[in-house]
Amino acid sequence: MSRPRRSGDLARARVLVAVGTDTHPFDRLIRWLEDWHRGVDEDVGLTVQHGHTRAPAVPGAVTFLGHRELQAAMAEADLVVCHAGPATILEARRQGHLPIVTPRDPARGEHVDDHQLLFARRLGAAGMVALAETREAVVGALTAGLADPFRFTVAADPDAATTRRAAVEQVGRIVEDLVVASVSQRQRARWWSWLLPDRYGERR
């Protein structure tokens, strides 16, 4: 569960940014993060898992995090920003976060198709994530979250395996609903593999 923090206590704030393990670069989110960081207190702690994207010009950059490392980073974080990877989103919510989610856009070369856009928008409409598709939305969410540490939190239940499995199944149903009319059976099966963590803790 995320550690408590006093409202407005920027010196103790920790932010985790995770872009997953997909081989497409996600420079857009990294650039927005760099822009935001230039205007905040340098004592704000950052962990930025940038994967195959260029390393950001901010402290705390790491290429990949193993599953346990990612869990630990989320447990310590006050705010979580991530791409629209199902495993990352589920883990963030399990740790008590309402994740700030920026989906990868295939039109910008950030993924092979638009599944993250469709998925993130569906979850955003359901209130399961804080959808942030623009620089202004990301910076605004980070600013609001640092000012109010409870703004992006949900009830955490880190030890409930049954609850986590139910959440995985719910996400799977959402994914299936999104793709059933437009992709083959082989492609649909591939969606489920993205819910299972690889050695870094996430498939895509």
Side-chain angles (χ1 to χ4, degrees), residues 2 16-26 28-29 32-33 49 51 53 70 74 77 79-142 144-145 151-158 160-198 200-204:
S2 301
L16 171 66
V17 181
V19 306
T21 63
D22 189 88
T23 57
H24 295 80
F26 203 7
R28 183 168 54 111
L29 179 58
W32 294 347
L33 176 68
Q49 181 269 307
T53 303
L70 182 63
M74 285 188 175
L79 296 172
V80 172
V81 181
C82 62
H83 73 150
T88 300
I89 291 171
L90 285 169
E91 187 61 35
R93 288 185 57 86
R94 193 176 75 90
Q95 293 285 355
H97 297 286
L98 180 71
I100 300 164
V101 174
T102 301
R104 292 172 177 267
D105 184 349
R108 301 173 186 269
E110 296 165 353
H111 219 308
V112 296
D113 57 34
D114 62 354
H115 77 267
Q116 282 209 2
L117 286 168
L118 298 173
F119 182 60
R121 289 167 183 171
R122 177 70 67 88
L123 292 185
M128 295 180 68
V129 303
L131 183 62
E133 295 192 54
T134 66
R135 176 191 178 280
E136 291 73 21
V138 171
V139 171
L142 285 167
R151 185 181 182 96
F152 295 102
T153 59
V154 296
D157 192 6
T162 300
T163 300
R164 186 169 189 267
R165 178 60 185 169
V168 169
E169 291 175 351
Q170 180 182 6
V171 169
R173 286 192 294 271
I174 291 173
V175 169
E176 286 293 317
D177 288 345
L178 289 172
V179 300
V180 68
S182 60
V183 300
S184 68
Q185 182 66 35
R186 180 179 178 183
Q187 287 173 310
R188 290 201 298 274
R190 185 161 57 92
W191 280 86
W192 281 96
S193 71
W194 290 340
L195 300 179
L196 303 176
D198 65 2
Y200 298 121
E202 183 172 11
R203 295 293 297 179
R204 292 286 186 271

S.K.: If I compare all heavy atoms of Gly124 with all of Val129, which pair ends up nearest, and what's the gap?
M.R.: N-CG2, 3.6 Å

S.K.: Can you find a pair of side-chain heavy atoms, one from Leu29 and one from Val81, that are under 4.5 Å apart?
M.R.: yes

S.K.: Which distance, rounded to the nearest 0.5 Å, do you find between the CZ of Arg93 and the CG of Leu123?
M.R.: 8.5 Å

S.K.: Could you tell me the separation between the CZ atom of Arg121 and the CD atom of Glu133, rounded to the nearest 0.5 Å?
M.R.: 4.0 Å

S.K.: Can you list everything that forms a side chain to side chain donor-acceptor pair (under 3.5 Å) with Arg135? Sequence neighbours excluded, please.
M.R.: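 Applying side chain to side chain donor-acceptor pair (under 3.5 Å) to Arg135 gives Asp35.
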
S.K.: Taking Leu33 as the fixed residue, which of Val139, Val17, Val19 is the one that meets the side-chain contact (heavy atoms from CB on, under 4.5 Å) rule?
M.R.: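 Per the side-chain contact (heavy atoms from CB on, under 4.5 Å) rule, the option paired with Leu33 is Val17, out of Val139, Val17, Val19.
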
S.K.: Can you name the closest pair of heavy atoms from Pro86 and Phe119 and give their distance?
M.R.: CG-CE2, 3.8 Å

S.K.: Is the side chain of Glu110 donor-acceptor paired with the backbone N or O of Asp105 at a distance under 3.5 Å, no angle test?
M.R.: yes

S.K.: Could you work out, with side chain to side chain contact (heavy atoms under 4.5 Å, CB included) as the rule, every residue matching Ala130, not counting sequence neighbours?
M.R.: Leu98, Ile100, Phe152

S.K.: Shortest non-hydrogen contact from Ile89 to Cys82?
M.R.: CG1-SG, 4.2 Å

S.K.: If I take atom NE2 from residue His97 and atom CE from residue Met74, how far apart are they, to the nearest 0.5 angstrom?
M.R.: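 Result: 7.0 Å between the selected atoms.
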
S.K.: Find the distance between CZ (Arg28) and CZ (Arg108) and round it off to the nearest 0.5 Å.
M.R.: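 CZ of Arg108 is found 4.5 Å from CZ of Arg28.
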
S.K.: Between Ala132 and Pro103, what is the shortest heavy-atom contact and its length?
M.R.: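 Answer, listing the atom of Ala132 first, then Pro103: O-CD, 4.5 Å.
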
S.K.: Taking all non-hydrogen atoms of both residues into account, name the closest pair between Pro106 and Leu117 and its distance.
M.R.: CD-CD1, 3.9 Å

S.K.: Between Trp32 and Val138, which heavy-atom pair has the shortest distance, and what is it?
M.R.: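 Closest pair (atom of Trp32, atom of Val138, distance): CE3-CG2, 3.7 Å.
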
S.K.: Counting distance only, does the side-chain N/O of Arg104 pair as donor-acceptor with the main-chain N or O of Val112 below 3.5 Å?
M.R.: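 A pair under 3.5 Å: no.
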
S.K.: Looking at NE2 of His24 and NE2 of His83, how far apart are the two atoms once the value is rounded to the nearest 0.5 Å?
M.R.: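 One gets 13.0 Å once the value is rounded to the nearest 0.5 Å.
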
S.K.: Just how far is it from atom CD of Gln116 to atom CG of Asp22, taken to the nearest 0.5 Å?
M.R.: 7.5 Å

